[in-house]
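Read the numbers this way: they start at 1 and go in the same order the structure lists the ligands and their atoms.
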Amino acid sequence: MSDHIPQLNSHGEPDLEAAFATLAAEVRTEAAALTTPDAQEAFRLHWLGRKQGRLKLISDAWLKSAPAEARKPLGIRFNQLKQQIEQALEAPLATASTAAVQGIDVTLPGAIRTPGIPHPLLKTMQEIVQVFHHLGYSTNLGPQVETDFYNFEALNFPPNHPARDTQDTLQIAHQSSKPSRDRLLMRTHTSPVQIRTMVAQAPPIRIVIPGKVHRNDAADATHSPIFHQVEGLCVDTNITFSDLKGTLDHAMKALFGSDVKTRFFPSFFPFTEPSADVQISCIFCGGKGCRKCKHSGWIELLGCGMVDPAVFAAVTEERRKTNPADDTYNPERITGFAFGMGVERIAMIQHGISDIGHFYSGDMRFLEQFA
Ligand code: PHE
């Protein structure tokens with residue numbers, strides 16, 4: 001910023017015009033370089049400071065020598081200059097790039113502001129949850145550090161039962177002095193939240209449970225020791241297997257397109273009876289058979305089934321600790337279905353991703369493709 005008081009050659013109109021044009025250009029250049037509130041305040045003091053401000057110093061110098069008839073045109077011009085400075089102070093601060101060129105160069109590309117994007121896994125998880133919100137389901141969450149009771153026992157996996165082997169469990173250390181049902185572990189699935197919800201509230205229940213789960217699996221192209229599931233639970237009077245089929249058929253069409261077909265294959269989970277694996281017609285080949293579906297035309301996507309009466313019995317036992325006469329989950333009256341799906345698997349199929357590790361790589365070049 002210049003402190004030099006410019007010379008006014010004469011008070012004639014052309015000299016006044018030239019002198020004020022120079023000052024106006026000086027103000028414009030400085031104003032375009034204001035990128036911080038501090039710089040803006042320095043600019044204000046420099047020009048408008050009551051005692052040492054440039055405007056005051058220059059007008060003092062120029063007015064002193066001015067003949068009487070030149071005072072009015074000088075005064076008008078100083079007022080205009082002051083207005084220009086005040087307008088510059090009200091304008092938004094320049095960005096570094098426009099300031100760097102000292103003024104606005106309309107030929108430069110605009111300052112690109114990339115909006116942030118959700119992680120592809122969270123986006124898929126949200127999409128799944130949304131499909132069920134539209135069917136009247138609410139979201140529930142539960143802890144990742146669970147007790148043996150909620151993760152296994154109440155779900156009809158008795159202690160030492162071989163079905164536990166299918167869920168390689170990460171145990172929390174130093175639990176052996178506790179009764180087995182209280183031992184802590186990392187939840188291997190989101191199903192324990194089924195139990196937590198039913199112990200806490202009576203039917204009708206329609207919930208989805210998105211969340212992280214943990215298994216002692218070696219990482220490879222399709223496995224990760226930490227992954228995500230969305231669980232669903234619907235419990236009411238008169239809930240049948242057709243409700244389960246209709247609900248999941250709708251959900252798969254909502255997620256993968258209305259052309260996909262679903263089929264239900266007999267399966268086994270300790271906490272559902274009957275149990276099924278749901279397959280969708282291969283979205284890559286339309287069911288004709290390709291490498292992605294191992295030439296079967298079908299892709300296996302999720303597990304499901306009707307809530308096993310043994311689960312209702314475990315829930316009832318818990319509820320009777322606070323209300324000994326509780327009969328809310330009498331399986332003669334109450335039925336339900338549950339399902340669970342892996343979010344990574346669904347996201348990989350949606351986007352044609354072949355390695356699960358990309359999701360956790362932190363590589364923005366991968367992640368930003370899903371904007
Ligand atoms: N919890 C099961 C799993 O992780 C999936 C499932 C959920 C199956 C609900 C049936 C019903 O493998």
Can you confirm if the aromatic rings of [Y] and [X] lie within a centre distance of less than 6.0 Å?
X	Y	result
F271	H189	yes
F149	F157	no
F227	F359	no

Counting only heavy atoms from other residues, nucleotides and ligands, does the tally under 6.0 Å from CG of N160 exceed 12?
no
For ligand 1, find each of its N or O atoms that sits under 3.5 Å from a protein N or O atom, and tabulate the pairs with distances to one decimal place.
| from | atom 1 | to | atom 2 | distance (Å) |
| --- | --- | --- | --- | --- |
| ligand 1 | 1 (N) | H189 | ND1 | 2.9 |
| ligand 1 | 1 (N) | S191 | OG | 2.9 |
| ligand 1 | 4 (O) | R215 | NH2 | 3.0 |
| ligand 1 | 4 (O) | Q229 | NE2 | 2.9 |

Do any pairs count as a salt bridge (Lys or Arg N to Asp or Glu O under 4.0 Å) and have a residue in residues 175-188, sequence neighbours left out, and if so which ones?
R181-E318
Please verify the inter-ring angle class for W62 with F78; under 30° counts as parallel, over 60° as perpendicular, anything in between as tilted.
tilted
